[in-house]
Amino acid sequence: MPRSIGERYACESCGAQLVYEKPCTCPEGKPHAEICCGVQMKQVAQKAPSESTPR
């Protein structure tokens with residue numbers, strides 16, 4: 001499954017995080033692997049943009 005901008009993955013061992021800044025252009029059905037510390041990273045919820053802007 002392609003990855004979208006903002007998709008976030010975290011390593012449960014060391015806490016490292018990967019965030020997609022550009023969409024993945026792989027064809028549908030192509031397997032993906034976000035590997036850290038030798039294991040698949042877990043997908044975590046995307047952070048919503050802040051509704052308030054500093055003035």
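All heavy atoms count here, side chains included; hydrogens, waters and symmetry mates do not. Numbers here simply count residues along the sequence, with the first being 1. Quick caveat: nothing in here was measured; it's all calculated off a predicted structure.
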Subject >> ILVMFWY cluster membership beyond I35 - transitive side-chain contacts under 4.5 angstrom >> reply: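 Traced through the cluster, I35 reaches no other member.
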
**OP:** Please report the C-alpha distance between C14 and C36 in whole Å, then the side-chain angles of each, then the deciding distance to 0.1 Å, and finally whether the side-chain contact (heavy atoms from CB on, under 4.5 Å) criterion is met.
**Re:** CA-CA 8 Å; C14 72; C36 187; 3.8 Å; yes

Original post:
Side chains of E28 and P2: does their closest heavy-atom pair fall under 4.5 Å?
Top reply: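 E28 vs P2: side chains touch.
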
Original post:
Any side-chain heavy atom of S4 within less than 4.5 Å of one from P23?
Top reply: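 S4 does not reach P23 side chain to side chain.
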
Original post:
What's the verdict on side-chain contact (heavy atoms from CB on, under 4.5 Å) for C24 and H32, showing C-alpha distance, side-chain angles and the deciding distance?
Top reply: CA-CA 10 Å; C24 171; H32 288 78; 3.1 Å; yes

**OP:** Determine, step by step, whether Q43 and R8 satisfy the side-chain contact (heavy atoms from CB on, under 4.5 Å) criterion, reporting the C-alpha distance in whole Å, the side-chain angles of both residues, the deciding distance to 0.1 Å, and the verdict.
**Re:** CA-CA 6 Å; Q43 187 172 15; R8 181 179 297 268; over 6 Å; no

Subject >> Residue list, side-chain contact (heavy atoms from CB on, under 4.5 Å) with L18, at least two apart or on another chain >> reply: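 If we apply the side-chain contact (heavy atoms from CB on, under 4.5 Å) test to L18, skipping adjacent residues, the hits are Y9, Y20, E34, M41.
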
**OP:** Indicate the atoms forming the closest heavy-atom contact of Q17 with A10, along with that distance.
**Re:**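 Between these two residues, the closest heavy atoms are CG-CB, 3.9 Å.
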
